[in-house]
There are 2 protein chains.
Amino acid sequence: MPPKLSPVEALDLWQRVSVASVRQDAPDLSARQLALLLTVYLTPPPHTVRGLAELLTISKPAVTRAVDRLSELGMVKRKVDDKDRRSVLIQRTVKGSVFLREFGDTIVAASGNTE
Amino acid sequence: MPPKLSPVEALDLWQRVSVASVRQDAPDLSARQLALLLTVYLTPPPHTVRGLAELLTISKPAVTRAVDRLSELGMVKRKVDDKDRRSVLIQRTVKGSVFLREFGDTIVAASGNTE
DNA sequence: GTAAATAGATACGATACTGAAACAAACTTC
DNA sequence: GAAGTTTGTTTCAGTATCGTATCTATTTAC
């Protein structure tokens with residue numbers, strides 16, 4: 001069971017993490033790109049362009065572009081589905097795992113220094 | 001004292017909130033815009049263009065543009081500083097308060113439905 | 001086989017953002 | 001007063017993203 005946050009604590013946490021993310025020279029991802037990246041890493045595969053477009057309620061080209069960008073950064077990779085070669089599976093990478101681990105640490109750190 | 005999050009819980013929370021934010025048709029703010037908005041509302045005034053640029057480590061024109069955008073949306077407003085008319089104070093608005101309250105609720109909701 | 005359906009990528013014009021540099025206005029120094 | 005400094009905005013060319021529509025490739029239906 002997760003700890004329960006109050007609205008004020010929640011916004012405070014978001015502020016500190018947002019500022020930390022903007023400040024550090026990590027690749028500056030859009031909200032969509034981050035949501036897509038987190039989804040690929042934290043929800044069970046397979047992840048297709050169509051499926052992600054539906055989940056996020058954005059257009060397929062928007063997903064294609066987000067995957068383009070995240071691929072350039074080495075955060076995810078494309079893999080053609082052998083069972084249906086029209087489909088493209090979006091998969092995790094080592095670099096993406098490292099990035100998200102650091103991001104998780106940033107959040108934890110921000111949740112600790114409230115006082 | 002805030003509740004302590006584990007890295008996994010933290011990323012999980014971020015994923016759910018990010019997806020919820022992208023899905024709902026709330027104005028889709030960039031990371032910088034959101035960080036600026038949260039800072040204006042959650043840290044003590046006054047907030048100037050220069051001060052925000054230094055805090056976020058971004059250029060002054062970038063702050064001007066973010067304030068332009070947030071002003072269009074009615075989330076913040078500009079007020080010339082009477083004590084130094086070169087300075088512009090970035091202030092809160094009712095609409096921005098409502099938006100952040102809802103955003104806080106979104107986070108709290110996401111932190112509750114892990115199971 | 002040929003036609004229809006599906007998945008993803010690409011083309012297109014429009015909008016928004018980027019940092020660096022130039023700018024206007026207000027304040028300070030002398 | 002004039003010169004210099006500071007604050008925020010504007011301009012500029014370059015890049016990224018947007019949604020709609022179109023396109024290619026693959027699979028399915030017949």
Side-chain angles (χ1 to χ4, degrees), chain A residues 18-19 21-40 45-92, chain B residues 18-19 21-40 45-92:
Chain A
S18 295
V19 171
S21 297
V22 170
R23 283 182 61 90
Q24 76 195 35
D25 52 0
D28 118 270
L29 304 178
S30 71
R32 290 181 172 189
Q33 289 162 356
L34 182 60
L36 195 155
L37 182 65
L38 286 164
T39 297
V40 168
H47 301 289
T48 63
V49 172
R50 175 165 184 73
L52 291 167
E54 284 178 358
L55 175 67
L56 299 172
T57 322
I58 60 179
S59 63
K60 286 194 299 176
V63 174
T64 293
R65 279 186 297 262
V67 172
D68 285 346
R69 173 78 176 129
L70 293 171
S71 293
E72 284 172 12
L73 296 170
M75 304 283 211
V76 300
K77 61 184 176 186
R78 287 182 165 94
K79 167 94 169 47
V80 173
D81 186 350
D82 285 330
K83 295 170 187 164
D84 183 344
R85 300 165 65 83
R86 291 170 302 181
S87 284
V88 168
L89 306 177
I90 290 86
Q91 301 181 320
R92 308 170 193 180
Chain B
S18 295
V19 171
S21 297
V22 170
R23 284 181 61 90
Q24 75 195 35
D25 52 359
D28 120 89
L29 304 177
S30 71
R32 290 181 171 188
Q33 290 163 355
L34 182 60
L36 195 156
L37 181 66
L38 286 164
T39 297
V40 168
H47 301 290
T48 64
V49 172
R50 174 164 185 72
L52 291 167
E54 283 178 358
L55 175 68
L56 300 173
T57 321
I58 60 179
S59 64
K60 285 195 300 175
V63 173
T64 293
R65 280 185 295 263
V67 173
D68 285 346
R69 173 79 175 129
L70 293 171
S71 294
E72 284 172 12
L73 296 170
M75 304 283 210
V76 300
K77 61 183 175 187
R78 287 180 164 95
K79 167 97 169 45
V80 173
D81 186 351
D82 285 330
K83 296 170 185 163
D84 184 345
R85 299 163 67 84
R86 291 171 301 181
S87 284
V88 168
L89 306 177
I90 290 86
Q91 302 181 321
R92 310 171 191 178

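Any value given below was found using the heavy atoms of this structure, including those in side chains, with hydrogens, waters and symmetry copies removed.
- The distance from atom CG of Leu73(A) to atom CG of Asp68(A), rounded to the nearest 0.5 Å, is 11.0 Å.
- Within 4.0 Å (heavy atoms only), Arg65(A) reaches at least one base atom of the nucleic acid.
- Of the listed nucleotides (dA7(C), dG8(D), dG19(D)), dG19(D) has the atom at the smallest distance from the side chain of Arg32(A).
- The CG-C1' distance, from Asp81(A) to dA7(C), rounds to 11 Å in whole Å.
- Summarising the geometry, the separation between CG on Asp84(B) and P on dG8(D) is reported as 8 Å, rounded to the nearest angstrom.
- When each of dT17(D), dA20(C), dA25(D) is scored by its nearest atom to the side-chain atoms of Gln33(A), the top-ranked nucleotide is dT17(D).
- Side-chain atoms of Arg23(B) come within 3.5 Å of backbone atoms of Leu55(A) as a donor-acceptor pair (strictly under, hydrogens ignored).
- Atom CD1 in Ile58(A) sits roughly 12 Å away from atom P in dT17(D) (whole-Å rounding).
- Nearest-nucleotide positions on DNA chain D for Gly51(B) and Lys60(A) put Gly51(B) closer to the 5' end.
- Distance, Asp68(A) CG to dA9(C) C1': 8 Å, rounded to whole Å.
- Residue Ser87(A) has no polar side-chain atom (N or O) positioned under 4.0 Å from OP1 or OP2 of dA7(C).
- Take the nearest nucleotide of DNA chain C for Pro61(A) and for Arg86(B): the residue whose nucleotide is more 5' is Pro61(A).
- Separating the CG atom of Leu56(A) from the C1' atom of dC18(D) is a distance of 15 Å, rounded to the nearest angstrom.
- A salt bridge does not link Asp81(A) to Lys83(A): none of the charged side-chain nitrogens sits closer than 4.0 Å to a carboxylate oxygen.
- Computed from coordinates, the Lys79(A) NZ to dA7(C) P distance equals 18 Å when rounded to whole Å.
- Rounded to an integer number of Å, the gap from Arg69(B) CZ to dT9(D) P is 17 Å.
- Within 4.0 Å of Thr64(B), counting heavy atoms only, lies at least one base atom of the nucleic acid.
- Rounded to an integer number of Å, the gap from Arg50(B) CZ to dT6(D) P is 8 Å.
- Within the nucleic acid shown, Ser30(B) has no heavy atom closer than 4.0 Å to any nucleic acid atom.
- Of the candidate nucleotides dA7(C), dT26(D), dC18(D), dC18(D) has the atom nearest to the side chain of Ala62(A).
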- Message: Show, in sequence, the C-alpha distance, side-chain angles and deciding distance for Arg78(A) and Leu70(A), and conclude whether the side chain to side chain contact (heavy atoms under 4.5 Å, CB included) test is met.
- Response: CA-CA 10 Å; Arg78(A) 287 182 165 94; Leu70(A) 293 171; over 6 Å; no

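- Atom CZ of residue Arg86(A) and atom OG1 of residue Thr48(A) lie 11.5 Å apart, to the nearest 0.5 angstrom.
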